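Taking it in order: structure first as structure tokens, then the write-up.
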Amino acid sequence: MAKQYWLFKAEPHIYGIDHLAAAPDKIGRWDGIRNYQARNFLRDQVKLGDEVFIYHSSCKNVGIVGTAKIIKTAYPDPTQFDPESDYYDPKSNRENPRWVSVDIQLTKIFTRLIPLAELKSHPALENMVLIKQSRLSTQPVSAQEWSTIHSLLK
DNA sequence: GCCAACGTTGGC
DNA sequence: GCCAACGTTGGC
């Protein structure tokens, strides 16, 4: 199956591209996803080698800040079992975990943040899930959108 | 901080 | 299964 592209949202003050850049081998666990639609993408469709835009949300400068690749596909998100975690889910259990994580490795920090407003104003991006459905934290990106967004950096 | 959009919960 | 109430996301 062909490589697919994704967009993952993060609140940079909690876990953003800087955290990923500072991690050993620039590898991080993408956890804390607690929305079924977003979970289903992670669990059922995200594959090894797929590429991902990292998007910063709920902050002063919202937009795409870089890219990463999938280095480990879905496995149970350990934070759901940890009562100390903000992402603890008492209704989940180890026999039948409700939530999953994937591991990603940073591939590029963009030379500039591409603001949401710029994405919204670009005609070729008007059908992006990001723009059509604003409240989805992991979402597919088409190959054309992937390429268009990279062209904005030049 | 406001508020629109939308997901979740729970009574019936 | 419906739907009102409530909670969360996320841009501005």
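All of these numbers come straight from a predicted model, not from anything done at the bench. Letters A, B, ... are given to chains in the order of the sequence lines, protein chains preceding strands, and every chain is numbered from 1.
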Qualifying residue for side chain to side chain contact (heavy atoms under 4.5 Å, CB included) with A:I104, from A:V102, A:T107, A:L106: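 Option passing the side chain to side chain contact (heavy atoms under 4.5 Å, CB included) with A:I104: A:V102.
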Touch class at under 4.0 angstrom, heavy-atom based, for A:K91 against every strand present: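 Since only primed, P, OP1 and OP2 atoms lie under 4.0 Å of A:K91, the category is sugar-phosphate.
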pair A:Y5-A:S142: side-chain heavy atoms closer than 4.5 Å: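 In short, these two side chains do not touch, never coming nearer than 4.5 Å.
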is_close_aromatic(A:F53, A:W6), centroid dist under 6.0 Å: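 So the answer is no for these two rings.
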Result of checking A:R34, A:R29, A:E84 against A:T79 for side-chain hydrogen bond (donor to acceptor under 3.5 Å, both in side chains):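 Of the listed options, the one satisfying the test is A:R34.
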Donor-acceptor side-chain pairing of A:Q133 and A:Q37 below 3.5 angstrom: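 Side-chain D/A pair, A:Q133 to A:Q37: present.
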Closest non-hydrogen atom pair, A:D25 against A:Q105: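 Here A:D25 and A:Q105 meet closest at O-NE2, 2.9 Å.
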Which atom of A:E145 lies closest to which atom of A:A124, heavy atoms considered: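 Nearest heavy atoms, A:E145 then A:A124: CG-O, 4.5 Å.
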Helix axis bend for the helix from B:dG1-C:dC12 to B:dC12-C:dG1 - C1'-based end axes, five pairs, 10° rounding: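 End-to-end axis angle for the helix from B:dG1-C:dC12 to B:dC12-C:dG1: 10°, rounded to 10°.
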Leading and trailing nucleotides of DNA chain C with any atom under 4.0 Å from heavy atoms of chain A: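 Listed 5' to 3', the contact boundaries are C:dG7 to C:dC12.
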Cluster check A:V65, A:I114: I/L/V/M/F/W/Y, side chain < 4.5 angstrom: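 No: no chain of side-chain contacts under 4.5 Å links A:V65 to A:I114.
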Geometric class of the A:W99/A:Y36 ring pair [parallel <30°, tilted 30-60°, perpendicular >60°]: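 A:Y36 vs A:W99 ring planes: tilted.
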Aromatic plane relationship, A:Y15 with A:H19 - under 30° parallel, 30 to 60° tilted, over 60° perpendicular: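 If you compare the ring of A:H19 with that of A:Y15, the planes turn out parallel.
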DNA chain C contacts among residues 50-65 of chain A, heavy-atom distance under 4.0 Å: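 Close to the strand are A:Y55, A:S57, A:S58, A:V62.
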